[in-house]
Number of protein chains: 2
Amino acid sequence: MSDLFAPLDDHPAYRQIANLIEERIVARVLRTGDALPSETDLARQFGVNRSTIREAIRELEIHGLLGRGRGEKRLRVTRPEPGSVSSGVSRALALHDVTFMELWEAMMAIEPAAAQYAATRRTADQLRSITRAHARFNREIADTAATVSAVLDFFTAVAAASGNQVLALSQAPLNLLLEPALSSIVDRVPQARARIQTAQGKIIDAIKLNKSEQARSWMEKHIRDFKRGHELETSMA
Amino acid sequence: MSDLFAPLDDHPAYRQIANLIEERIVARVLRTGDALPSETDLARQFGVNRSTIREAIRELEIHGLLGRGRGEKRLRVTRPEPGSVSSGVSRALALHDVTFMELWEAMMAIEPAAAQYAATRRTADQLRSITRAHARFNREIADTAATVSAVLDFFTAVAAASGNQVLALSQAPLNLLLEPALSSIVDRVPQARARIQTAQGKIIDAIKLNKSEQARSWMEKHIRDFKRGHELETSMA
DNA sequence: CGTGGCAGAATTGTCGGACAGTCCGATTAT
DNA sequence: ATAATCGGACTGTCCGACAATTCTGCCACG
């Protein structure tokens, strides 16, 4: 199984430094909100050139571990938000030519679970977020883009209300993948809007009344509908 | 909903360049396997300094869109693999203090689905990967770390066999989060090994015989066991 | 006492150039 | 044809520099 010699990979300095800083952040030595030392200072501490430091921080910045408020110069330690991570995942998936079926299967696994937990754990505030997305969906009947965006917001709000960060973070990338497919469906399948509206309403009712089983099963129906919509849409292409 | 003025964010040059190159990659102008022009050349084309180019490339390299084979100098376009993306996700989750219950709920959503699809779609090769992980688990009864790693490999192999890249990519980060918790369980709950062994065996049988419902339900049992194990383990801490 | 404004220090983004180590390709030797 | 060799190309790292912007301490003023 294992060879006698492993291929040695020499990590360039900027990668090592990135890892070192990351360690400190994950170990909470550098806590969220703390400002990072200046690039010059870091260069001195690590005994490398500022250019090298810059390449290292770029890595952490991209991972969302470092960031800065708008118009702020110094970097500070931040906690990566779902959005910053999910874009990376969905770009990866896009490049792998994900099919609608793959996406759909994943949604069938994740969204109903999220709805179920949302029904038992949602706060009043989270419920409001969900209804707000639903209201926006009802309002934006004309504009396809706005409609789609409201649907995605609905999913995001439900996932957030599940009180489960892992589910929320797993759900986030699905949205970005769903967007183009959903646009076509909404555009070309007339009955789609009405069905989405009904389903969202039922899901909200269940979540409001803490009926987890109902929330789950309505979300399942809702997602199933997407498959039907997609089949209709492709058949009329 | 939308303010009158959006906060304008000036994109630094290295970010713009990164986006430009990324566009070309996503649009398949630069295709997988193609070698990227040299840094000097890119600097000339974009009319910026090589340092700037380097910071831009770093971004794409981290996202897994660029990479180089071992001991290769030139960068080439690559497709991001689950591993490269998942580490980012799980780091994000780790920083958010994910609880075992959150992780467990997500596993309950994803792993049974993966097992189910694996049972209907696995190739002979993928089945071999799964059995190999199982065999390694059986062999490594002494070393906790090796045992845990074999369990994680089992999950990875099943997810890969599901033939669904979205599920596979959603599953990957869970492994990294599971590792520490599973180590404790394996270390301190004596019956854990036996139960894992049984469950893996049943799952493999079901996948081998293309019995998707059985694969799903055994995977569910398997994951449920983790919760029991975790409860036992914490109660004896 | 709080507020606003200002000069100077600090910091980032970008630039130019430089050099050692290593990889690649072509040429030459076996 | 295969193996050794050599020069060019490229990356990783360093140095030094400068404009633009932000931060900070200080001072005047209401």
Side-chain angles (χ1 to χ4, degrees), chain A residues 5-22 24-25 30-78 84, chain B residues 5-22 24-25 30-78 84:
Chain A
F5 294 107
L8 52 84
D9 46 358
D10 73 312
H11 293 262
Y14 60 83
R15 187 160 298 284
Q16 294 180 48
I17 291 176
N19 288 336
L20 284 174
I21 299 180
E22 180 185 326
R24 301 294 193 285
I25 294 179
L30 290 167
R31 275 172 308 177
T32 303
D34 286 1
L36 208 65
S38 75
E39 296 177 351
T40 324
D41 206 26
L42 285 173
R44 187 187 49 73
Q45 292 187 38
F46 283 107
V48 301
N49 192 272
R50 192 163 76 98
S51 313
T52 308
I53 290 288
R54 293 195 108 244
E55 299 193 35
I57 356 192
R58 204 63 56 227
E59 178 164 334
L60 303 176
E61 197 180 345
I62 290 160
H63 279 313
L65 271 71
L66 298 179
R68 74 196 100 213
R70 57 209 162 287
E72 227 181 8
K73 187 145 281 201
R74 300 280 296 260
L75 277 170
R76 46 186 61 256
V77 179
T78 57
S84 80
Chain B
F5 293 107
L8 52 83
D9 45 357
D10 74 310
H11 295 263
Y14 58 83
R15 186 160 301 285
Q16 296 180 46
I17 291 176
N19 289 336
L20 284 175
I21 299 181
E22 180 183 326
R24 301 294 193 288
I25 295 179
L30 289 167
R31 274 173 308 177
T32 304
D34 285 0
L36 209 65
S38 76
E39 298 178 351
T40 323
D41 206 28
L42 285 173
R44 187 186 51 72
Q45 292 187 37
F46 282 106
V48 301
N49 192 273
R50 192 163 74 98
S51 313
T52 308
I53 291 287
R54 294 196 108 243
E55 298 192 34
I57 297 184
R58 205 60 57 227
E59 180 164 334
L60 303 176
E61 198 180 343
I62 289 161
H63 279 313
L65 271 68
L66 297 180
R68 73 195 96 217
R70 63 226 157 276
E72 226 182 9
K73 188 142 281 198
R74 297 284 291 267
L75 275 171
R76 45 185 63 253
V77 179
T78 57
S84 81

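Please read all numbers here as calculations on a predicted model, not as lab measurements. Note: hydrogens, waters and symmetry copies are ignored here, and every other heavy atom, side chains too, is used.
What separates CG of A/Asp41 from C1' of C/dT11 is a distance of 11 Å, to the nearest Å. Rounding to whole angstrom units, CZ of residue A/Arg74 and P of C/dA9 are separated by 17 Å. One interatomic measurement links the two molecules: CZ of B/Phe46 to P of C/dC15, which rounds to 12 Å at whole-angstrom precision. Look at CD1 on A/Ile57: it is 9 Å from C1' on C/dT12, rounded to the nearest Å. Atom pair B/Glu39:CD and C/dG16:P shows a separation of 16 Å (rounding to whole Å applied). Atom-to-atom, CD of B/Glu55 to P of D/dG12 comes out at 14 Å; the value is rounded to the nearest Å. Rounded to an integer number of Å, the gap from A/Glu61 CD to C/dT12 C1' is 11 Å. What separates CZ of B/Arg44 from P of C/dC15 is a distance of 15 Å, to the nearest Å.
B/Ser38 and B/Arg74 get closest at one heavy-atom pair: N-NH2, 4.1 Å. Taking both residues in full, the closest heavy atoms of A/Ile17 and A/Ala56 are given as CG2-CB, 3.7 Å, listed atom of the first, atom of the second, then distance. Summarising the geometry of A/Val77 relative to A/Arg31, their closest heavy-atom pair is CB-O, 3.6 Å, with the distance given to 0.1 Å.
A distance-only check finds a donor-acceptor pair linking the side chain of A/Thr78 to the backbone of A/Gly64 [under 3.5 Å].
With values rounded to the nearest 0.5 angstrom, A/Gln45 atom CD is found 8.5 Å from A/Ile53 atom CD1.
For A/Arg58 and A/Glu61, the salt-bridge test passes: some basic side-chain N is under 4.0 Å from an acidic carboxylate O.
Between C/dG13 and A/Arg54, a contact under 4.0 Å exists linking OP1 or OP2 to a side-chain N or O.
Using a 4.5 Å cut-off on side-chain heavy atoms (C-beta onward), A/Leu42 and A/Glu39 make no contact.
As judged by a 4.0 angstrom heavy-atom cut-off over every strand, A/Arg68 is placed among residues touching the sugar-phosphate backbone only.
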Give the B/S/- string for nucleotides 14-21 of chain D, one per nucleotide from 5' to 3', where a protein heavy atom under 4.0 Å of the base yields B, of only the sugar-phosphate yields S, and otherwise -. SB-B--BB
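Of the residues near DNA chain D, A/Arg15 and A/Glu72, the one whose nearest nucleotide (by heavy atom distance) lies more toward the 5' end is A/Arg15.
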